[in-house]
Amino acid sequence: MARQHPLETLRNIGVIAHIDAGKTTFSERLLFYTGVSHKIGEVHEGDTVMDWMVQERERGITITSAATTMYWRNHQINLIDTPGHIDFTAEVQRSLRVLDGAVVVFDGVAGVEPQSETVWRQADKYMVPRVCFINKLDRMGASFEKSFNSILKKLTPNAVAVAIPMGLEENLKGVVDLIKMKALYFEGDKGIEVVEKEIPEEWKDEAQTWHHKMLEKIAGEDNTLTEKFLEGKEISADEIKNVLRKSVLAYKLVPVFCGSALKNKGVQPILDAVVELLPSPLDVPAQKGTDPKTGAVIEKKASDDEPFSALVFKIATDPYVGTLTFFRVYSGVLQKGSYVLNANTGEQERIARILRMHADERQELDVIYAGEIGATVGLKNTSTGNTLCDKEHPVILEKIVFPEPVIGIRVEPKTKSDQEKLIMSIRKLTQEDPTFRIKEDIETGETIISGMGELHLDIIADRLRREFNVEANYGRPQVAYKETITTEANGEEKYVRQSGGKGQYGHVLLTVKPKERGQGFEFVDEIKGGAIPKEFIKPVEKGVVEAMDKGVVAGYPMVDIEVTLYDGSYHEVDSSEFAFKIAGSMAFQKAAKAAKPCILEPIMKMEIVTPEDFFGQVISDVNSRRGQIKETSERVGMKIIDALVPLSETFGYVTALRSLTEGRASSTMEFDSYQQVPANVAQEIIEGKRK
């Protein structure tokens with residue numbers, strides 16, 4: 001069966017934004033205008049297509065990224081609506097890894113918010129070309145200019161306005177298309193008809209000013225246009241679009257559109273922009289992968305004629321079909337019923353069904369082509385970040401790196417029958433969500449689940465109850481502290497045991513050195529002249545890793561350490577892997593204790609929006625929580641406070657803030673970094689752990 005849509009007419013895009021900027025409302029409009037849904041779902045009514053989980057509809061937020069397919073001007077658009085809440089940052093990360101372009105939505109009142117910056121940085125990391133949409137210009141206090149300036153100042157100086165609103169708040173009439181220099185009105189049922197008219201007199205001067213600014217910026221990216229611009233010659237809309245498209249694909253310019261999704265104004269121009277400005281799989285650089293056997297770099301071009309390769313970016317549990325595995329095909333064609341190789345595990349998997357997803361509904365396919373996004377059912381041992389490929393042409397594509405969890409809670413099943421169900425269900429959820437972890441505390445026999453924040457764990461607990469029928473008791477949230485060292489030190493250990501017959505002998509000398517925050521663990525082998533035989537080096541590293549997991553101050557895992565094994569000795573008969581593992585572990589503990597170890601705590605970046613009347617109280621409350629005020633600013637009669645606050649001091653903060661400000665302030669926070677805990681707090685943590 002031949003491909004229905006040529007590869008150049010395919011677009012894989014994501015909608016990304018801060019929580020509450022109106023992403024899902026915007027996505028629902030896209031579905032309506034492209035004819036995918038015949039009714040517009042509203043977040044506040046709980047009937048949206050893209051937020052299909054019970055938890056999403058109840059809370060009015062997006063939790064899981066939903067994928068869907070739609071068609072506009074003979075182009076196939078695969079759309080992923082991603083969450084805005086920082087606790088679900090992994091969903092954004094994995095979606096951006098497999099998308100070719102993105103639409104970034106901003107709130108026209110607030111402009112750039114903390115989470116907008118986070119998703120923007122994630123898009124930068126994966127080099128995703130994007131267009132912006134300043135939404136909610138019908139709201140009180142909306143300002144296109146302020147929001148646009150906040151993009152220029154906080155995110156990129158390369159933003160260029162290609163549309164401006166006609167009117168604001170309740171007077172929003174439509175938008176001016178600055179490329180065509182026409183006024184666009186959205187008429188008929190739900191603004192479905194886009195009517196092009198001449199720009200009304202009252203907007204002409206302003207439109208002309210913005211048009212000139214836009215031309216200056218776009219012409220600067222092309223020599224021919226620069227000449228025309230400087231000579232004052234007419235530049236056609238097609239010429240502008242051609243240069244703009246090239247600049248968008250090269251990350252040199254970011255076009256900014258505007259409107260109000262809720263009031264059905266300004267959405268269709270974004271669909272046009274997706275088709276005209278964002279890349280097809282042919283416009284993005286070829287995917288680089290490595291040969292699992294030789295480590296050689298392999299390039300995968302977006303073509304149906306290449307060997308098959310695809311990246312798994314999401315696992316989801318579906319109550320009707322079991323485990324759904326979402327993947328992006330980078331090269332080749334996949335037939336239903338064929339066998340593929342999981343290059344990461346070396347195992348073969350059978351593709352029994354191929355599905356095209358529409359949020360939580362499915363369409364069966366016989367074949368899926370290069371560049372497309374699909375799902376399959378019933379894969380046994382495939383997890384997020386794995387590469388599926390042709391078994392004759394193995395390749396491992398670049399993995400997705402996820403942040404570490406920062407908060408944990410104890411969980412215990414209510415009854416004996418819940419015990420087995422709990423472990424099984426949690427396993428399924430950890431497969432789905434790479435930022436959700438489970439750990440058994442060996443000393444206490446407790447099960448601890450960890451995640452990215454209170455809301456994240458709250459949703460997990462809710463899903464365990466509803467989807468998996470597991471009743472459990474949950475402890476209070478605990479901070480995921482870590483330990484590290486602050487200086488260099490050496491450690492030596494001789495493990496000798498003689499008990500009749502073959503004994504045990506392992507002798508290890510090593511050095512520990514601190515690394516920069518976030519650089520992880522590195523093991524360096526500097527053994528010369530066979531002081532320790534090759535087969536005993538790996539066991540030493542294993543011993544070190546096990547010791548790091550237990551910590552030396554208060555039992556928390558150790559991070560950011562370089563361990564160098566530089567000497568040792570062995571016994572011809574008595575040396576064993578076990579002896580060297582124990583020696584490695586004990587030598588590391590000795591060295592780490594001598595290297596001035598300390599405890600690290602997660603620090604959260606917090607943005608608080610408060611009325612001016614309560615500004616003083618809120619600041620002093622943040623200070624009392626060991627918070628550092630970074631900067632304060634103003635936004636439409638409100639004060640904005642940017643601060644860094646230790647996670648341990650933020651539990652229940654939302655409630656405290658409400659009671660402090662008569663319910664009028666709000667806050668958002670996201671993980672920033674790990675930092676050293678002050679000595680008095682470290683003492684409390686150690687004592688608390690001992691209790």
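Not measured: the values here are computed from a predicted model. We number each residue from 1, following the sequence as shown.
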Donor-acceptor check, side chain of [X] to backbone of [Y], threshold 3.5 angstrom: yes or no?
X	Y	value
S585	K581	no
T325	A375	no
T68	L79	no
T484	V559	yes
T376	R353	yes
E483	V553	yes
N344	N386	no
R328	V98	yes

Ignoring hydrogens, what is the shortest heavy-atom contact between [X] and [Y]? Give both atom names and the distance.
X	Y	value
P405	A480	O-CB, 3.9 Å
A591	L510	CB-CD1, 4.1 Å
V645	G627	CG2-CA, 4.1 Å

CA sep, side-chain torsions, deciding dist, call: E347, N342, side chain to side chain donor-acceptor pair (under 3.5 Å): CA-CA 5 Å; E347 292 178 30; N342 180 332; over 6 Å; no
Compare all side-chain heavy atoms of [X] with those of [Y] and state whether any distance is below 4.5 angstrom.
X	Y	value
V411	N473	no
D621	Y653	yes
T290	V395	no
F106	L155	yes
V105	I16	no
K605	D642	no

Going by an N to O cut-off under 4.0 Å, is there a salt bridge joining [X] and [Y]?
X	Y	answer
K538	E577	no
E649	R626	yes
R130	D124	yes

No-hydrogen, no-angle side-chain donor-acceptor test under 3.5 Å, E349 and T382: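 Present: a donor and an acceptor within the cut-off.
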Any side-chain donor near an acceptor of the partner, N78 and T69, under 3.5 Å: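 Yes, a side-chain donor-acceptor pair sits under 3.5 Å.
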Test log, rule side-chain contact (heavy atoms from CB on, under 4.5 Å), inputs K482 and Y674: CA-CA 8 Å; K482 300 251 197 284; Y674 269 93; 3.6 Å; yes
Reported CZ-to-CD1 distance for the pair F521 and I561, which is rounded to 0.5 angstrom: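 The distance works out to 8.5 Å.
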Spatial distance of atom CD1 (I460) from atom CZ (R465) [nearest 0.5 Å]: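 If I round to the nearest 0.5 Å, the distance is 13.5 Å.
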Qualifying residue, where the test is side-chain contact (heavy atoms from CB on, under 4.5 Å) with I438 and the options are I423, L422, I448: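 The option that passes is I423.
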Criterion side-chain contact (heavy atoms from CB on, under 4.5 Å) against K421, the qualifying member of N469, L464, I426: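 Between K421 and the candidates, side-chain contact (heavy atoms from CB on, under 4.5 Å) is satisfied uniquely by N469.
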K515 atom NZ: more than 12 heavy-atom contacts under 6.0 Å: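 Yes, the 6.0 Å shell around NZ holds more than 12 heavy atoms from other groups.
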Other residues, nucleotides, ligands: >12 heavy atoms within 6.0 Å of R350 CZ: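 Enclosed.
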Test ring pair (Phe, Tyr, Trp, His ring centres under 6.0 Å) applied to F327 and Y330, step by step: CA-CA 9 Å; F327 57 88; Y330 280 106; over 10 Å; no
